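Presented below is the structure to which this report refers.
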Protein chains: 2
Amino acid sequence: MHPLRKHIEELIALTDEEFDMVLSYFEPIQKRKHQYIVQEGDLVDKEYWILDGCLKSYLVDDDGKEHILQFGMENWWITDYESFIKHTPSKISIDCIEDSELLFITFENREKLTAQMHKMERFWAKKSKFGRIALQNRILSLLKNSAKERYDVLLEQYPQLFQRVPKKLIAAYLGVSRETLSRLQS
Amino acid sequence: MHPLRKHIEELIALTDEEFDMVLSYFEPIQKRKHQYIVQEGDLVDKEYWILDGCLKSYLVDDDGKEHILQFGMENWWITDYESFIKHTPSKISIDCIEDSELLFITFENREKLTAQMHKMERFWAKKSKFGRIALQNRILSLLKNSAKERYDVLLEQYPQLFQRVPKKLIAAYLGVSRETLSRLQS
DNA sequence: ACATTCATCACAGATTTGGTGTGATGTTTG
DNA sequence: CAAACATCACACCAAATCTGTGATGAATGT
């Protein structure tokens, strides 16, 4: 089964015809390590689903420091949702940590697809709810937990991440310096 | 003197006021290595002048191979002229080989500036003529010269390039494989 | 006032990536 | 068929990045 189908069917069931229809609205794209899919200032009109690879979405502050909003790996969705939904210039950048294979759907096609297929509207609605919950938990974790606790939670939830991405990126995600992260590990 | 002024004054003379006027139509922008300024499919409405850094404009073919149309370094102009002038989607991509500082002018502002300042219209007209000559010579060189000869010409014209950019990019510019280029060097 | 928790700076060593040359072999073309 | 190249495979080197750790200092809560 197509991995995207498997992914979607975790939330809603699809017939073969329905999935073919869904897939027809997506386009594949390959990007190599270091390549960007979104740069600060862009108007983002695509949402990406990661077939293979690893990306990061991040904001660069006035001191030039990166703050990572999200990592993206296989079966995850990634884009700048603010720009995608509000049609405003992006504040964030997204680039590839590894060579990546993506499927993207444009805003327009997503509108068409949801109009045409109520199931997919439900899919995205559900996904959006789960996404909201995850973001809330991240906020609470940043407020409530110490760096060490945040480190432990991340390690438990996504152990693969620690094998795949440099520690300084983990640090930029957890909101600590890379030196502190290094010391947390011991 | 501002490097852009120096550059323009190689073709036409400007008063202080005139140059201030010209400069007011440009905006500065910084990009880091690997960042793009033009992606395939974009509608390009900006022309860039390179204050510092190094870029490449290139086309990716169906096999994923890069063919380099132009390198850009200090005091050069770069954009996808086809998209810029015809307002069609770009076939090429442009990205930074090094961290770069650029000044850009939008198509609209360029129109305004040339309407307002005949001198600048003359400047761009001259530049365009020289550009055309360079392109013609490149075509002739690709038709007429062997790889070795093209290599020698490039080395003589732009020796700096060989210090700054990886040989595989030179190869993609000359239209040979990097192995062949390597063997030409001996 | 002091302990805790972190950032920042500096450095050194390990690891990875990218760049480069070169041999072997295959393909195209005049 | 010879010349001029591409392609694949490999090995080596240099440069960049990653990583841990000590020293120092600032902010914060108790």
Side-chain angles (χ1 to χ4, degrees), chain A residues 31-36 53-56 58-68 71 95-100 141-155 159-186, chain B residues 32-35 53-56 58-68 71 95-100 141-155 159-186:
Chain A
K31 290 281 168 182
R32 286 192 282 168
K33 186 171 174 177
H34 292 130
Q35 286 194 298
Y36 288 77
C54 186
L55 301 89
K56 64 183 199 283
Y58 60 100
L59 183 133
V60 179
D61 71 17
D62 299 337
D63 302 336
K65 266 197 295 191
E66 283 188 9
H67 303 273
I68 295 184
F71 289 107
D95 64 28
C96 297
I97 300 173
E98 306 171 355
D99 293 355
S100 302
S141 171
L142 283 167
L143 291 170
K144 192 184 75 172
N145 297 128
S146 69
K148 172 65 173 157
E149 288 168 320
R150 278 176 273 149
Y151 167 83
D152 288 337
V153 169
L154 188 68
L155 183 57
Q160 339 87 296
L161 207 60
F162 289 74
Q163 318 309 322
R164 280 180 91 160
V165 318
K167 301 296 159 59
K168 69 166 181 183
L169 296 183
I170 308 262
Y173 178 85
L174 290 174
V176 294
S177 69
R178 55 161 209 86
E179 294 92 338
T180 297
L181 176 65
S182 168
R183 289 184 248 264
L184 287 180
Q185 291 181 118
S186 38
Chain B
R32 288 198 278 170
K33 186 172 174 177
H34 293 127
Q35 286 194 296
C54 187
L55 301 90
K56 63 182 200 279
Y58 61 98
L59 183 135
V60 180
D61 71 19
D62 300 336
D63 302 336
K65 265 196 299 190
E66 281 188 14
H67 302 274
I68 295 184
F71 289 108
D95 54 45
C96 296
I97 301 173
E98 306 171 355
D99 293 355
S100 301
S141 170
L142 283 167
L143 291 171
K144 192 185 73 171
N145 296 129
S146 69
K148 171 65 173 158
E149 289 168 319
R150 279 177 273 149
Y151 167 83
D152 288 336
V153 169
L154 188 68
L155 183 56
Q160 340 86 296
L161 208 60
F162 289 74
Q163 318 309 321
R164 280 181 92 161
V165 317
K167 301 297 160 58
K168 68 170 177 180
L169 296 183
I170 308 261
Y173 178 86
L174 291 174
V176 293
S177 70
R178 55 157 213 88
E179 294 92 338
T180 297
L181 177 65
S182 168
R183 288 184 248 265
L184 287 180
Q185 290 181 117
S186 37

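All heavy atoms count here, side chains included; hydrogens, waters and symmetry mates do not. All figures in this text were calculated on a predicted structure; none of them were measured in a lab.
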What integer distance in Å separates A/Glu149:CD from C/dC6:C1'?
15 Å
Under 3.5 Å, N/O pairs linking protein and nucleotides 26-30 of chain D:
none

So, does A/Lys33 get its side chain near the phosphate of C/dT17, meaning an N or O under 4.0 Å from OP1 or OP2?
yes
Can a side chain N or O of B/Thr180 be found less than 4.0 Å away from OP1 or OP2 on D/dA6?
yes
A/Arg178 (side chain) and D/dT17 (base): donor-acceptor pair under 3.5 Å:
no
So what does B/Lys148 hit on the nucleic acid, given a heavy-atom distance under 4.0 Å: a base, only sugar-phosphate, or nothing?
nothing
What nucleotide among C/dT22, D/dC18, C/dG18 has an atom nearest to a side-chain atom of A/His34?
C/dG18
Side chains of A/Asp95 and A/Tyr58 only: does a donor on one sit below 3.5 Å from an acceptor on the other?
yes
Residue-level proximity of residues 160-167 of chain B to DNA chain C when a heavy atom falls under 4.0 Å
B/Pro166, B/Lys167
Check: A/Tyr36 and A/Lys31 side chains under 4.5 Å, non-hydrogen atoms
no
Counting only side-chain N and O atoms of B/Lys65, is one of them less than 4.0 Å from OP1 or OP2 of D/dT7?
yes
Taking the basic N atoms (NZ, or NE/NH1/NH2) and the acidic carboxylate oxygens, is any pair closer than 4.0 Å for A/Arg32 and B/Glu66?
yes
Taking side chain as C-beta onward, heavy atoms only, is B/Val165 less than 4.5 Å from B/Tyr173?
no
Can you tell me whether the side chain of A/Arg183 and the base of C/dT8 have a donor-acceptor pair closer than 3.5 Å?
yes
Residue that, paired with B/Glu98, satisfies salt bridge (Lys or Arg N to Asp or Glu O under 4.0 Å) out of B/Arg164, B/Lys33, B/Lys56:
B/Arg164
Within the 4.5 Å heavy-atom criterion, are B/Ser100 and B/Leu55 side-chain neighbours or not?
yes
Identify whether any heavy atom of A/Glu179 sits under 4.0 Å from a base atom; if not, whether one sits that close to sugar-phosphate; answer base, sugar-phosphate or nothing.
base
To the nearest angstrom, how far is B/Leu181 atom CG from D/dA4 atom C1'?
15 Å
